[in-house]
Amino acid sequence: MDTAPRFFGLGDTEHDGDSADMETSVVVDLDLDDVPALPVRPELVPGDVSAAGGVLWVVDSALPVVLRIDADDRATRVMLPGAIGTPRRVYATPSGCWVTGQDGTFWVTEGADPVRVDDQPVVAGAAAGGSLVACTGTAVWRQYSPSREPVDLAAVAGHVSSIVVVDDYVYAAVLPRGRSELHLVRVSSSGECTVGSAIPLVRNRHRKPFLMGDALRLVHGADVGVVESDLSVRRERIFARHPVGGGRTDELSWTVTPTPNGTSAGWWPLPGPVVVDRTRASWVLTVHDSASLEPVTSVPVSTHTARVAAGADGEVFVIDGAVRRFRTDSPVMADPEVIDVAGIAARLV
């Protein structure tokens, strides 16, 4: 609308000799039929991805839909008994997958109907073996297993900034609200939960701490520390650039950094100058050697909150507007391959 043809209301009024414009309303004719058609939503808009046992699981960003793709590219579409409009996370296991969100936790396995095992909201989680550790945001977490009832875990309340699996143990970094400190939490496959002592954090550092590597490290800003057996942290090194995110998925360790330009921090984590399409990619996803943390390869991504999953034989899957795939031996800054999960889902309808 460029002009408003008809006003009504108080009109001009005079106060203490000054004229004031007091229009309060306007009439506008709208042609509700002169509206372009909305684009058709794809059958599946990927929100999260996970892989185990040669099977890829993709959950929709808003619909209660999970897509299962096996090693022979055979696909199955699963409808969850859950709400529409709820973001969810998926955690693959050798025998199926766990799906979590604000409407609870679901267990999905091939050849059976999906089951809601709990309606308690879940804010973060990790699957170790066949079980799931679900963080609730409160001081009581839960561990789920297909073969037993849920187990309550005495953990710590706060924001879970990172959660990973190492040798069938789940480790989480938790930031209690209102305090400049962090607690590391470790959960065993049998349900034993250990909460570490408070680790002070540097104030006004905007990067969220995350866990990566083997041995396990805690990264905060550019500072890297080794996680000890008592869940304390021993400072180890400083990265050349501050990652904005990262983590560990199975044996895969990764970070996300701004695209380097060769200035103050050099080209790290890239090996040197590379040609970058700066009109399209703003971030660099780097796979690191889990032991040394040295960069192995990097790919361009358009978000610093990419979801990452490790596949078989060096495959890496990432949610970056679509499901994309690359390998740990891919050339540095080569574009990942797009997997058309929406097309796969459409063929199953």
Q) Does one hydrophobic cluster hold both V90 and I84, with members joined at side-chain heavy-atom distances below 4.5 Å? A) no
Q. Does V99 share a hydrophobic cluster with V115, counting links as ILVMFWY side-chain heavy atoms below 4.5 Å and allowing steps through other members?
A. no
Q.
Could you check whether S131 and S145, counting side-chain N and O atoms only, form a donor-acceptor pair closer than 3.5 Å?
A. no
Q | More than 12 heavy atoms from other groups under 6.0 Å of CD on E337 | A | yes
Q: Step by step, work out the salt bridge (charged side-chain N to carboxylate O under 4.0 Å, His left out) result for R88 and D48.
A: CA-CA 7 Å; R88 294 180 175 87; D48 196 19; over 6 Å; no
Q.
Between E315 and R327, does any side-chain N to carboxylate O distance fall below 4.0 Å?
A. no
Q) For R89 and G47, which heavy atoms make the closest approach, and how far apart are they? A) NH1-O, 3.3 Å
Q.
Could you check whether any side-chain N or O of D60 sits under 3.5 Å from a backbone N or O of V45, counting only pairs where one atom can act as donor and the other as acceptor?
A. yes
Q: Compare all side-chain heavy atoms of T105 with those of Y144 and state whether any distance is below 4.5 angstrom.
A: yes
Q | Qualifying residue for side-chain contact (heavy atoms from CB on, under 4.5 Å) with C193, from V140, V170, V187 | A | V187
Q) Are V323 and V59 co-members of a hydrophobic cluster defined by side-chain heavy atoms under 4.5 Å apart? A) no
Q: For residues V233 and L184, determine if any side-chain heavy atom of one lies less than 4.5 Å from a side-chain heavy atom of the other.
A: yes
Q: Taking all non-hydrogen atoms of both residues into account, name the closest pair between I319 and T303 and its distance.
A: O-CG2, 4.4 Å
**Q.** From L153, V165, V185, residue fulfilling side-chain contact (heavy atoms from CB on, under 4.5 Å) relative to V133
**A.** L153
Q | Any donor-acceptor pair under 3.5 Å from D167 side chain to Y169 backbone | A | no
Q: Drop me the distance from S190's OG to D168's CG, to the nearest 0.5 angstrom.
A: 10.5 Å
(Q) Applying salt bridge (charged side-chain N to carboxylate O under 4.0 Å, His left out) to E43 and R347, what does each step give before you reach the verdict? (A) CA-CA 9 Å; E43 287 293 334; R347 291 193 293 271; over 6 Å; no
Q: Would you indicate whether the side-chain heavy atoms of L293 and R217 approach each other to under 4.5 Å?
A: yes
Q: Could you walk me through whether T194 and L231 pass side-chain contact (heavy atoms from CB on, under 4.5 Å), step by step?
A: CA-CA 9 Å; T194 305; L231 300 181; 4.0 Å; yes
Q | NE2 on H288 to CD on E294, rounded to 0.5 Å | A | 9.0 Å
(Q) I'd like to know whether CD of E110 has more than 12 heavy-atom contacts from other residues, nucleotides or ligands below 6.0 angstrom. (A) no
Q. Looking at side-chain heavy atoms only, is the closest gap between P258 and R241 below 4.5 Å?
A. yes
Q: Output the distance between atom CD (Q120) and atom CZ (R142), rounded to the nearest 0.5 Å.
A: 5.0 Å
Q.
For the CG atom on D72, are there more than 12 heavy atoms of other groups (residues, nucleotides or ligands in this structure) within a distance under 6.0 Å?
A. yes
Q | Flag side-chain contact, heavy atom, 4.5 Å: Y91 against T100 | A | yes
Q: Answer yes or no: does atom CG of D329 have more than 12 heavy-atom neighbours from other residues, nucleotides or ligands under 6.0 Å?
A: yes
Q | W107 and T93: CA distance, side-chain angles, deciding distance, side-chain contact (heavy atoms from CB on, under 4.5 Å) verdict | A | CA-CA 10 Å; W107 169 244; T93 76; 3.6 Å; yes
Q.
Hydrophobic clustering (ILVMFWY, side-chain heavy atoms < 4.5 Å, transitive) - are F210 and V160 grouped together?
A. no
(Q) I need the Q143 CD to R148 CZ distance, nearest 0.5 Å. (A) 4.5 Å
Q. Are any side-chain N or O atoms of Q102 and backbone N or O atoms of V123, one a donor and one an acceptor, separated by less than 3.5 Å?
A. no
Q) What's the verdict on side-chain contact (heavy atoms from CB on, under 4.5 Å) for W254 and V316, showing C-alpha distance, side-chain angles and the deciding distance? A) CA-CA 10 Å; W254 52 275; V316 183; over 6 Å; no
**Q.** Side chain proximity check, F317 to S50, heavy atoms < 4.5 angstrom
**A.** no
Q. What distance do D214 atom CG and E251 atom CD have between them, rounded to the nearest 0.5 Å?
A. 6.5 Å
Q.
Has H183 got a side-chain atom pairing as donor or acceptor with G196's backbone, closer than 3.5 angstrom?
A. yes
Q) Is there a donor-acceptor contact under 3.5 Å from the side chain of D320 to the main chain of S302? A) yes
Q) Would a line drawn from the ring center of F239 to the ring center of W268 be shorter than 6.0 Å? A) yes
Q | From OH (Y171) to CG (L218), nearest 0.5 Å | A | 13.0 Å
(Q) Just by distance, no angles: are the side chains of D103 and T86 close enough, under 3.5 Å, to form a donor-acceptor pair? (A) no
Q. T257 and T255: side-chain hydrogen bond (donor to acceptor under 3.5 Å, both in side chains), yes or no, with the steps?
A. CA-CA 7 Å; T257 55; T255 60; 5.4 Å; no
Q.
Which heavy atom of A309 sits nearest to which heavy atom of A51, and what is that distance?
A. CB-N, 4.2 Å
Q. Is it true that L252 and M212 fall in one hydrophobic cluster, defined by side-chain heavy atoms closer than 4.5 Å?
A. no
Q | Heavy-atom closest contact (P94 atom, A52 atom, distance) | A | N-CB, 4.2 Å
(Q) Using every non-hydrogen atom in the two residues, find where P64 and G82 come nearest and quote the distance to one decimal. (A) CG-O, 3.7 Å
Q: Look only at the side chain of R77 and the backbone of M79, and say whether a donor-acceptor pair between them is shorter than 3.5 Å.
A: no
Q) Counting only N and O atoms by type, is there a donor-acceptor contact under 3.5 Å from the side chain of R325 to the main-chain atoms of G311? A) no
Q | Taking every non-hydrogen atom, the tightest pair across L216 and V164 | A | CD1-CG2, 3.9 Å
Q: Please list all pairs passing the side-chain hydrogen bond (donor to acceptor under 3.5 Å, both in side chains) test where one or both residues lie in residues 153-165, with sequence neighbours left out.
A: H159-K208
Q) Stepwise, does the side-chain contact (heavy atoms from CB on, under 4.5 Å) test hold for W57 with L67? A) CA-CA 6 Å; W57 298 87; L67 189 66; over 6 Å; no
Q. So, do L80 and V66 sit near enough that their side-chain heavy atoms are less than 4.5 Å apart?
A. yes
Q) Is a donor on one side and an acceptor on the other found under 3.5 Å between the side chain of R68 and the backbone of A75? A) no
Q) Within the distance-only criterion (no hydrogens, no angle test), does the side chain of S290 pair as donor or acceptor with the backbone N or O of G213 below 3.5 angstrom? A) no
Q. Are P209 and L175 close enough that some pair of their side-chain heavy atoms sits under 4.5 Å apart?
A. yes
